[in-house]
There are 2 protein chains.
Amino acid sequence: MAGTSLSRSEAKELTRRRLIRAAFAILDEEGEAGLTTVKVAKAAGIAQSSFYVHFKDRHELLRALGDQAGERLRATMREARLKAHVAGDARGHRDAFRIPLEAICRHPELFRIGMRARHDPCSPLQEFAIQTAAAYRAHLAADLAAMGFPTESEHDRRRLEMVADGINSLTNTMAVGHLEGRYPDLEEVVDVLVAFSKGCLRALRAPAGRDGADHPQG
Amino acid sequence: MAGTSLSRSEAKELTRRRLIRAAFAILDEEGEAGLTTVKVAKAAGIAQSSFYVHFKDRHELLRALGDQAGERLRATMREARLKAHVAGDARGHRDAFRIPLEAICRHPELFRIGMRARHDPCSPLQEFAIQTAAAYRAHLAADLAAMGFPTESEHDRRRLEMVADGINSLTNTMAVGHLEGRYPDLEEVVDVLVAFSKGCLRALRAPAGRDGADHPQG
DNA sequence: TTTTTCACCGATAGTACTATCGGTGAAATT
DNA sequence: AATTTCACCGATAGTACTATCGGTGAAAAA
């Protein structure tokens with residue numbers, strides 16, 4: 001092996017990274033209930049008691065996991081914004097859906113963990129998951145406004161939020177289907193997402209649907 | 001109090017029901033990690049050891065919870081089918097979205113538990129949650145086919161599944177938003193769901209979109 | 001009335017995990 | 001070279017939960 005001798009701080013940092021990597025793997029495979037100091041330490045190749053050299057307690061590990069996941073997410077969103085700006089209009093539109101899908105596929109374990117934490121009230125990661133969803137929603141809402149959604153009235157803005165929320169969940173659902181092998185062609189997934197959003201855009205730009213004047217009971 | 005004297009089997013059945021009710025409450029509030037025999041028994045007002053009079057072990061309780069949730073869901077879906085058949089076309093369309101939403105609002109704790117279990121590999125309820133999602137998807141796919149989605153080719157059928165999957169997740173997401181108070185008007189939620197699905201229907205019935213002939217890479 | 005059944009109880013053995021403590025040897029510092 | 005630092009170790013106290021066991025009293029059966 002090359003470079004066997006590491007400085008003490010380098011070795012510690014490496015061990016810490018091993019712990020976090022092991023924690024993500026366990027979190028993905030066994031859920032939060034399976035994430036014990038015993039298992040994480042063993043998976044990282046150190047004694048259980050040495051876990052506390054790196055983290056004050058179990059809770060601090062979870063906080064570190066959330067931080068790291070958030071960091072990775074922000075990087076992905078920066079990248080997505082950049083690419084979308086560079087690309088043209090129609091192409092940028094497809095990218096707006098493809099890039100998040102690709103990001104999910106790059107780190108599916110992180111995505112799955114987030115999906116789980118989203119609805120788990122006893123998870124320290126729940127707050128992170130909710131903030132993540134909100135951030136992605138805001139990201140999307142800006143794109144949709146640029147696409148032509150009206151944003152004048154209070155009603156319009158709430159509807160925009162609902163649509164962004166919807167497209168977010170659609171993206172997640174399609175990603176799950178893709179990861180489970182049900183929708184193997186990612187371009188087809190993008191097609192469906194585009195159809196959903198474009199269809200919705202068109203339906204909502206037309207002032208009223210076809211069922212009633214506005215909506216029957218206010 | 002009236003009818004204080006219950007037969008032994010009646011009293012036992014009542015205690016069992018108290019246990020299940022307590023279990024659902026704890027599952028909703030604290031997640032599956034908080035669902036211990038200690039807490040459930042205490043919440044139901046019996047000794048921890050007496051838990052085992054009613055259930056072989058902790059796992060059997062979870063199975064019972066899944067069974068009960070499934071039973072309630074099937075009843076809801078029967079009801080929805082019935083109402084949709086009775087109602088006319090345009091009205092039935094709105095109902096197809098409103099009825100599941102109302103069912104969710106009737107038992108939000110059950111819904112939340114399902115959402116959580118859906119992505120939790122160590123949950124005995126995961127299988128139930130996945131089957132529930134699949135059943136609802138099938139239910140919806142039939143409705144969509146009736147609405148005019150093409151179902152001839154393999155490609156069409158997969159796309160139909162994707163759309164059903166999508167509408168399912170949209171319904172869930174809107175329900176969450178409604179339960180969290182972000183989308184207080186249920187009719188508006190139905191509007192958005194209708195717009196999504198009708199828009200998608202229209203976009204997909206037209207053979208190709210506007211970005212490319214079919215989809216670039218096959 | 002006498003006997004049996006059984007839902008419930010308290011106590012407890014066994015298990016798994018958290019977090020602390022003193023010890024150790026190699027890296028870092030002096 | 002002598003000393004200090006500290007990442008890691010094994011041992012262990014403390015905690016929470018699961019599941020079993022023998023006992024109890026009232027309902028049910030005889």
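We use all heavy atoms of the structure for the numbers below, so side chains are in, but hydrogens, waters and symmetry mates are not. Protein chains get the first letters and strands the later ones, always in sequence-line order, with residue 1 at the start of each.
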Residue-phosphate contact under 4.0 Å: B:S49 side-chain N/O, C:dC9 OP1/OP2: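 Looking at the OP1 and OP2 atoms of C:dC9, neither is under 4.0 Å from any side-chain N or O of B:S49.
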Phosphate contact (C:dC17 OP1 or OP2) by A:T37 side-chain N/O below 4.0 Å: no
Proximity to the side chain of [X] - top-ranked nucleotide from [options]:
{"X": "B:R8", "options": "D:dC8, C:dC6, C:dA19", "value": "C:dC6"}
{"X": "B:V53", "options": "C:dC8, D:dC21, D:dT18", "value": "C:dC8"}
{"X": "B:S7", "options": "D:dC8, D:dA28, C:dT20", "value": "D:dA28"}

Quickly work out the [X] [atom1] to [N] [atom2] distance and round it to whole Å.
{"X": "B:F51", "N": "C:dA7", "atom1": "CZ", "atom2": "P", "result": "15 Å"}
{"X": "A:K42", "N": "D:dG10", "atom1": "NZ", "atom2": "C1'", "result": "16 Å"}
{"X": "B:D57", "N": "C:dG14", "atom1": "CG", "atom2": "P", "result": "20 Å"}
{"X": "A:R58", "N": "D:dA16", "atom1": "CZ", "atom2": "P", "result": "14 Å"}
{"X": "B:F55", "N": "C:dA7", "atom1": "CZ", "atom2": "P", "result": "13 Å"}
{"X": "B:E60", "N": "D:dT18", "atom1": "CD", "atom2": "P", "result": "15 Å"}
{"X": "B:E10", "N": "C:dC8", "atom1": "CD", "atom2": "C1'", "result": "18 Å"}
{"X": "B:H54", "N": "C:dC6", "atom1": "NE2", "atom2": "C1'", "result": "11 Å"}

[X] side chain near [Y] side chain, heavy-atom distance below 4.5 Å:
{"X": "A:R118", "Y": "B:M115", "result": "no"}
{"X": "B:Q126", "Y": "B:D120", "result": "no"}
{"X": "B:M162", "Y": "A:L170", "result": "no"}

B:D95 vs B:R98, salt bridge (Lys or Arg N to Asp or Glu O under 4.0 Å): CA-CA, chis, key distance, verdict: CA-CA 5 Å; B:D95 281 352; B:R98 194 188 298 103; 2.6 Å; yes
Position toward the 5' end of DNA chain D (nearest nucleotide), A:G45 or B:K56: A:G45
Residue whose nearest DNA chain D nucleotide is more 5′ - A:I46 or B:Q48: A:I46
For B:A103 against B:T76, the heavy-atom pair lying closest together: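 For B:A103 and B:T76, the tightest heavy-atom pair comes out as CB-CG2, 3.1 Å.
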Sugar-phosphate only, base, or nothing, as touched by A:T36 at under 4.0 Å among non-hydrogen atoms: sugar-phosphate
Touch class at under 4.0 angstrom, heavy-atom based, for B:S50 against every strand present: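 The residue B:S50 makes base contact.
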Identified pairing partner of D:dT4, criterion: Watson-Crick or G-U wobble below 3.5 Å: C:dA27
Comparing B:R18 and A:L35 on DNA chain C - which has the more 5′ nearest nucleotide: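 Looking at the nearest nucleotide for each, B:R18 comes out on the 5' side.
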